[in-house]
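Lettering follows sequence order; numbering is per chain, from 1. Predicted model only: the values in this text are computed from it and were never measured.
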Amino acid sequence: MKPTIQLYGQGILLSWKNKISEEIHERVLLYEKELTERLGNKIIESVVAYSSLLLFLKEGVDRHELMGEISEFIPADSNAIHESYCYKIPVCYGGDFGPDLTGLARLKAVKEETLIRMHANERYRIYMTGFLPGFLYLGGLHPELYTPRKSSPTISVAKGSVAIGGEQTGIYPQESPGGWHVIGRTPIDLFSAKKPSPSIFSPGDYLKFEVITRDEFNVIREEVSTGRYNIEKERIA
Amino acid sequence: MIEVIKSGLFSSIQDLGRSGYRKYGVPVSGAMDQFSSRLANQLVGNDEDAAVLEVTMLGPTLRFTVDCNVAICGARFSLSLDNTSVPMDQCIYIQAGQTLHFGSCPIGVRAYLAVQGGLSIEPVLGSRSQYSGITEDERLQKGDQIFMHNSPYSVLQGEFITEFDFSSKMIEVETGPEWGQLSDLSRQCILSNVLQVLPTSNRMAYRLVLCEEEVSLPDIITSPILPGTVQLTPSGDIIVMMRDAPVTGGYSRILQLTENGINGLAQKRAGEDIQFNLLA
């Protein structure tokens, strides 16, 4: 699966088939890992998306020469397994944390508990971060939960809100306007600008939502704000 | 230090932006017109990346509590120090206790106040550019106090004539990743027609409307985007991502503004016309 390669702004864009799939995404991650190693300090940073990779070049690097080099490039180890983790994200569903849960359950003609179970039982793949600092694009939402976005966005969605929009689910890392349906809230911080590594999540990692009570929410929130909370994770590859 | 007596319409501290954190979804931010911000820094002997104050349309009133050298470049503001008019594009000496007042600007949108030594707010993720959710504040408020670094370097004396052509309509662009999806007719339409800047334009994006014509392209799956990327939506909206743009987006990327293009567009006001100049 070879990508098309083109110049894009000051960078080089590699694009695969315009489709969301784990297989394509694994390819993107493989190229990102190996090209970053191979090209070393010619690259300042890179952005991974569903099926594309953008490499930002250091000033003074010959872009055309680099494009040539990348066109010739074949990943050495396409069966390599990269380290990836599944993180447990505690979520308190419903009530004032999930103002759209009742409406959504009614729309889907299921009980609220059923909807929660459908949402919390999945393992979601992290494809990329974008839209807002710390906003993770997750794949794997149960097709029965697909719901078009609201036609008018809510003016203020609370920080930590867990929501469904279109074919996606995600977590709002900060308070913002939003058109997704809010079904719960997590007490953890997904992103902190104060840390040298502002977020622990990487594309290719996974998330699982864990149902917690209101009391547990408050306890975890307290731990998070005093820096004592550690997100549970298990190595899956 | 500088005391903010009036904050102006939208004033914020910016440098050349924060890079290295795009993978966390952190926009680059930085001064909208980096030609003018660099020039202002140059005039006071600063590194081009020193933090400056970006002022927008209606400027602030600032009281200085120490002697210092400053320079203001960019949109043509009427400036006065205590009650005396002072010029742009030149190093000006301010004495402790004096007040610098920015009036309005009939030409351009943004100007840059560089202080010798640079402004010294706490950097976050490697940059002093203010951005909501990253730095503590996203803009100046009345009553704020801004501190500056000491500087051993000397200033550039004398007058300077800026080369910035505020009257030119032309905005420099290159092709974008989805340019090839447009028909020849659509491409010609976009390049040969004038576009108007809409009032909803800001640091994150400029919205443009193609006069008398309509082109559109379908969504793309979420992909990386850059400041300067011109997006075309399925409903025919033309959105140019600017310095505070998110790092990913789902609309077709038809053109890419060069740095000159971004600096130029940053000085265009609502209602003004622009035209894309595609570089070979």
Engineer: Determine whether Ile134(B) and Phe191(A) make a side-chain contact, defined as any pair of heavy atoms from C-beta on separated by less than 4.5 Å.
Structural biologist: yes
Engineer: Quick one: pull up CD in Gln256(B) and CD in Gln10(A) and give me the separation to the nearest 0.5 Å.
Structural biologist: 8.5 Å
Engineer: Contact between Ile220(B) and Tyr50(A) at the side-chain level, heavy atoms closer than 4.5 Å - yes or no?
Structural biologist: no
Engineer: By a 4.5 Å heavy-atom criterion (distance strictly below it), what part of Pro227(B) contacts chain A: side chain, backbone, both, or neither?
Structural biologist: neither
Engineer: Crowded around Arg187(B) CZ? As in, over 12 foreign heavy atoms under 6.0 Å?
Structural biologist: yes
Engineer: Nearest 0.5 angstrom please: Tyr24(B) OH to Ile200(A) CD1, how far?
Structural biologist: 10.5 Å
Engineer: Which one, Ala193(A), Pro203(A), Gly134(A), leads in non-hydrogen pairs under 4.5 Å with chain B?
Structural biologist: Ala193(A)
Engineer: Pick one of side chain, backbone, both or neither for Lys19(A), based on which atoms fall under 4.5 Å of a heavy atom in chain B.
Structural biologist: backbone
Engineer: Could you tell me which non-hydrogen atom of Thr248(B) sits nearest to which non-hydrogen atom of Tyr137(A), and how far apart they are?
Structural biologist: OG1-OH, 3.7 Å
Engineer: Say you draw a straight line from OG of Ser202(A) to NZ of Lys23(B); how long is it, rounded to the nearest 0.5 Å?
Structural biologist: 7.5 Å
Engineer: Quick one: does Pro198(A)'s side chain get under 4.5 Å of Tyr21(B)'s, heavy atoms only?
Structural biologist: yes
Engineer: If you count heavy-atom pairs within less than 4.5 Å of chain A, which of Leu125(B), Val247(B), Ile221(B) leads?
Structural biologist: Ile221(B)
Engineer: More than 12 non-hydrogen atoms from neighbouring residues, nucleotides or ligands closer than 6.0 Å to NZ on Lys150(A), yes or no?
Structural biologist: yes
Engineer: Looking at Ser199(A), Gly130(A), Pro133(A), which makes the most heavy-atom pairs under 4.5 Å with chain B?
Structural biologist: Pro133(A)
Engineer: How many angstroms lie between CG in Leu54(A) and CD1 in Ile225(B), if you round to the nearest 0.5 Å?
Structural biologist: 11.0 Å
Engineer: Sort out for me which of Thr129(A), Leu53(A), Leu132(A) touches chain B most, counting heavy-atom pairs under 4.5 Å.
Structural biologist: Thr129(A)
Engineer: Is Ser192(A) close to chain B through its backbone or its side chain, or both, or neither, when contacts mean heavy atoms under 4.5 Å?
Structural biologist: neither
Engineer: Side chain from CB out, backbone as N, CA, C, O: work out which of these in Val26(B) comes under 4.5 Å of a heavy atom of chain A, or both, or neither.
Structural biologist: both
Engineer: Can you name the closest pair of heavy atoms from Arg22(B) and Val47(A) and give their distance?
Structural biologist: CB-CG2, 3.6 Å
Engineer: Using the side chain to side chain contact (heavy atoms under 4.5 Å, CB included) rule, take Thr229(B) and Tyr8(A) through it: C-alpha gap first, then chi angles, then the decisive distance, then the call.
Structural biologist: CA-CA 9 Å; Thr229(B) 294; Tyr8(A) 175 28; 2.6 Å; yes
Engineer: So which of Thr135(B), Thr222(B), Val124(B), Thr175(B) has the largest heavy-atom pair count under 4.5 angstrom toward chain A?
Structural biologist: Thr222(B)
Engineer: Measuring heavy-atom distances to chain B, does Leu13(A) have an atom under 4.5 Å in its side chain, in its backbone, in both, or in neither?
Structural biologist: side chain
Engineer: Should we say atom NZ of Lys2(A) is surrounded by more than 12 heavy atoms from elsewhere, each under 6.0 Å from it?
Structural biologist: yes
Engineer: Counting a contact as any heavy-atom pair under 4.5 Å apart, which residues of residues 34-41 of chain B contact chain A?
Structural biologist: none
Engineer: With only heavy atoms counted, which part of Pro173(A) is less than 4.5 Å from chain B, the side chain, the backbone, both or neither?
Structural biologist: neither
Engineer: Of the backbone (N, CA, C, O) and the side chain (C-beta and beyond), which part of Val48(A) lies under 4.5 Å from a heavy atom of chain B, both, or neither?
Structural biologist: neither
Engineer: Does atom CD of Glu37(A) have more than 12 heavy-atom neighbours from other groups under 6.0 Å away?
Structural biologist: yes
Engineer: Of the backbone (N, CA, C, O) and the side chain (C-beta and beyond), which part of Phe56(A) lies under 4.5 Å from a heavy atom of chain B, both, or neither?
Structural biologist: side chain
Engineer: Are Ser51(A) and Ser223(B) close enough that some pair of their side-chain heavy atoms sits under 4.5 Å apart?
Structural biologist: no
Engineer: Answer with side chain, backbone, both or neither: which region of Leu257(B) has an atom nearer than 4.5 Å to a non-hydrogen atom of chain A?
Structural biologist: neither
